[in-house]
Amino acid sequence: MKRLLLIFPVLFGVSVVVFFLVRLAPGDPAKILAGEHASLEYIQATRTKWGLDRPLYVQYLIWLRNALSGDLGTSIATHDPVLKEILGRFPATFELSLVAMVIAILVGVTAGIISAVKQYSIFDYLSMTGALFGISMPVFWLGLMLMLIFGLHLNLLPISGRLSPDVTLRTVTGLYLLDALLTLNGRAFVDALAHLILPGIALATIPTALIARMTRSSMLEIIRQDFIRTERAKGLPERMVIYKHALRNALIPIVTVIGMEFGLLLGGAILTETVFAWPGLGRYTVDAVYARDYPAIQGAVLFIAFVFVMVNLVTDLLYAAINPRIRYR
Amino acid sequence: MRKAFFLCGVIVLGIVFLAPSVFSQTSKYGGTLIFGSAGDASRLDPADVTDGISITRTDAMFEGLVRYKQGSTEIEPCLAESWKVGEDGLTFTFHLRKGVKFHDGTEMNADAVVYSFKRQFDPNHPFYQYGEWAYWKWMFNYVKDVEKLDDYTVKITLSQPNASFLTSLAMFTVAVVSPTACEKYGADFFKNPVGTGAFRFVEWVKDDHLTVEAFPDYWGGRPYLDRIIFRVIPDPSVRLLELEKGAIDCMEYPNPDDLERIKNNPDLVLLETAGINVGYLAMNMGEDTPGFEKPFGDVRVRRAINYAINKKDILEYLYKGTAVVAKNPIPPSMWGHNDAIEDYEYDPEKARELLKEAGYPNGFETTLYVMPVSRPYMFDPPKIAEAIQADLEAVGIKAKIYTVEWGTYLQETEAGKHPMCLLGWIGDNGDPDNFLYVLLDKDNAIVGSAGNVAFYRNDELHDILIKAQQIYDQEERTKLYLQAQEIIHRDAPWVPLAHAKLQMAFKKNVQGFALHPLDRKSFERVWIE
């Protein structure tokens, strides 16, 4: 409960910093929108209309008052309520992040465990070199290569977007896989899943690599400890020793990495979303920054911060579930 | 007799076998066109958008009183069948087409036209509050009133004669919208667009796609395509991959590096046309501006700079063949372009001579303002600036490059903070006035809101441009504009650099699309083989 209350000062701090930072950055939203063709009259009318001609602290207080009542303002570029726009983009980001995290956890944890158990084996070297590549590979390049190979030459998977234009799907939650299940739309489910694979892999590379490395080092530390030797001496099968006893004890740092990475992904992966034409939150935020769309930037950053804090909170709660010695009061 | 019979047989057989190949050349109904777009629309109200991507969408759904002929900047009747210009050149009477339906089933009439216009300039109009009307403020501030004479006649009164008014009426911003839909949706009209165009709105998933379908009651007859899906694919390389895969039927804004690849692909067609735009280098002549430097007050220096810059190389290596060399402020595809003008050829020797004559035998130091972003008329400005910097260095002029975020860049150049700057212009209506008056007349050399960022003030030119605004005879106007370009060439306030081409790539089986020099898109005649 106390931890939940901590969210408010964090969000308040974020809102203050973002509010003043975006206004310190040069550029006028009206000017950017109309470009070379803006008349002075239009610029002035726009500044008045959006309240940009008022003192900064007044602008902030008005924004804060509205935000507290759940109104994040209206986007200058699109004239739509910011919160609505964000909630429209978030399911796309959430779905992709979830798929990427599932891939990352499955591949990363497995590779990490095997590398630790068979330390200095060929597999260990290969997977750790692979992890190094995964961390250092530029995602837009990887994305384009995946598209070129699996999308164009092998023609196995769609290149970009969330759904083929000829597939219809009634949206309920905005998570297309879930919506397809809810509306019993098998074709849309397969199509949505196919669209998730390439961006999912591209987005999963960095978290996979980090998780694999963290799992390996954490496991290596645990399997050298006395209690593991005791387990083995007791005659427990190796499988039990590794998965039940060693892994469980090695999980805390792994869960921390997973939590951090998931939180980051939920903020929207700008490059992946741009390359794969994914209509998510990352692209929305960047477009807002380019357009100097103040309400949209503030809303998006605040929302991302909120999601990040929530994911961290869940991670903390997971610690307690994993290790009964950790208890929150 | 047998011979004749045989001949008949041959003819019949010939018709039977040849017919399909002949008929397959004629247009066909049906099919979906998937359009690979570089971004998403901001809004779908034609009067309240400023970007080409939104305009492409609204063009499919809306029409105005007049429209551009296919591929040209000349106008033809659209929702108005005919019109008359009053003696004074201030009143225009439009006779509307009868029996035109909006997508919501209501009728297009004089009330709808008056509503569509008045909502943009009358603060007491109930819809005025819902938009910013940037383009009305920019292009139509001289319209005094719009009145209904009867159900199918509208009178528009101007506060001053304006020769380009009719051409401007073909712009997206003065499209006729359904008043019933405006009243129904209010602030949300831009998400529920209702016009008279060949296609009507179906759905819009933001940042993903927008779908429109054929409007069966379209006054011009149902269009060939069943539907058009505008898919947002921000990365140009990915758009091309999708096109090569066949997942989309056409794409806008191909990457200049990919043009060869498109041309070499037998399944794809690259369409190109000269765009109505210009990229230029302006030299600040305004003594009252903060950025003014003395050398630029001397015409010999400005000409020297014109001689010093190797435009051909810049076009070849930096524009990569996606533009043509500019010698005038207006592009060669526009009426009134003065082709008789001889450009200042690349000649560093002559440049040095002129500098010496002007009293700068060792050159001078200055600053070149450069925008940070690629614009439709200028691809990769920082690289172009470096090339210009090297050319100037070769004749002794040391130019520092200064760059700042785009919105601020516009503000600073309008305020005249630059000694030299790179900038450009995309035509609004295809009229020479929209280039020459906006960019080079003294009326627009106001510090703080200048369109004329050379701060070039020439009374002789001003008189010509004003006169050309007030007469409606195009031949007379052409003469005046030819003369205007001579004066501008002589005074050399700019180095005109390039007119960028417009390019789009299509799958081979897409027929009937023509690029428009103002980048307006019409899908009415498009069909899929």
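Treat the numbers as computed from the prediction; the structure is a model and nothing was measured. Numbered from 1 within each chain, the chains take letters A, B, ... in sequence-line order.
At a 4.5 Å heavy-atom cutoff, the contact between B:I229 and chain A is made by side-chain atoms alone. Heavy atoms closer than 4.5 Å to chain A are found in the side chain of B:R375, but not in its backbone. The part of A:A45 that comes within reach of chain B is its side chain, from C-beta onward, which places non-hydrogen atoms under 4.5 angstrom from that chain. Interface residue A:T274: backbone and side-chain heavy atoms are both found under 4.5 Å from chain B. Contacts between B:I446 and chain A at a heavy-atom distance below 4.5 Å are absent for every atom of the residue. Only the backbone of A:I76 comes within contact range of chain B, with heavy atoms under 4.5 Å apart. Within the 4.5 angstrom heavy-atom criterion, atoms from both the backbone and the side chain of B:W138 approach chain A. Only the side chain of B:R231 has a heavy atom closer than 4.5 Å to any heavy atom of chain A. When heavy atoms are compared at a cutoff of 4.5 Å, B:F190 approaches chain A solely by way of its side chain, counted from C-beta outward.
Using non-hydrogen atoms only and a strict 4.5 Å limit, the part of residues 46-54 of chain B facing chain A consists of B:D48, B:T50.
If you tally non-hydrogen atom pairs under 4.5 Å between each of A:A277, A:S160, A:P165 and chain B, the highest count goes to A:S160. Between chain B and the residues A:G151, A:P29, A:G161, the most heavy-atom pairs under 4.5 angstrom are made by A:G151. In terms of heavy-atom pairs under 4.5 angstrom with chain A, the leader among B:I233, B:V238, B:D207 is B:D207. In terms of heavy-atom pairs under 4.5 Å with chain A, the best-connected choice from B:T408, B:D235, B:D188, B:D40 is B:T408. In terms of heavy-atom pairs under 4.5 Å with chain A, the best-connected choice from B:Q129, B:E244, B:K206 is B:K206. Contact count against chain A (heavy-atom pairs under 4.5 Å) is highest for B:D428 among B:D428, B:V205, B:T413, B:T32. Comparing B:V373, B:V404, B:L241 by heavy-atom pairs within less than 4.5 Å of chain A, the highest count is held by B:L241.
Taking the side chain as every heavy atom from C-beta outward, B:E132 and A:W50 approach each other to under 4.5 Å. Side-chain contact check for A:M147 versus B:K245: every heavy-atom pair is 4.5 Å or farther apart. Within the 4.5 Å cutoff, the side chain of A:T168 has no heavy atoms near those of the B:E203 side chain.
With rounding to the nearest 0.5 Å, the separation of CG in A:D287 from OG in B:S42 is 11.0 Å. Between atom CG of residue A:L152 and atom CG of residue B:L243 there is a gap of 10.5 Å, rounded to the nearest 0.5 Å.
In this structure, B:K507 places its NZ atom where more than 12 heavy-atom neighbours from other residues, nucleotides or ligands lie under 6.0 Å away. The environment of CZ in A:F150 is sparse: at most 12 heavy-atom neighbours from other residues, nucleotides or ligands sit within 6.0 Å. Other residues, nucleotides and ligands contribute more than 12 heavy atoms inside 6.0 Å of the OH atom of B:Y402. In A:F20, the CZ atom is crowded: over 12 heavy atoms of neighbouring residues, nucleotides or ligands sit closer than 6.0 Å. B:Y128 OH: more than 12 foreign heavy atoms inside a 6.0 Å radius.
Salt bridge status for B:D208 with A:R162: absent, with no side-chain N to carboxylate O gap under 4.0 Å.
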- Message: Could you walk me through whether B:K191 and A:D80 satisfy the side-chain contact (heavy atoms from CB on, under 4.5 Å) test, starting with their C-alpha distance in whole Å, then the side-chain angles of each, then the deciding distance to 0.1 Å, before giving a yes or no?
- Response: CA-CA 9 Å; B:K191 283 180 272 180; A:D80 243 357; 2.6 Å; yes
- Message: Under the criterion side-chain contact (heavy atoms from CB on, under 4.5 Å), I'd like the reasoning laid out for A:R283 against B:V232: C-alpha separation, chi angles, the key distance, then a yes or no.
- Response: CA-CA 12 Å; A:R283 239 170 80 198; B:V232 182; 3.3 Å; yes
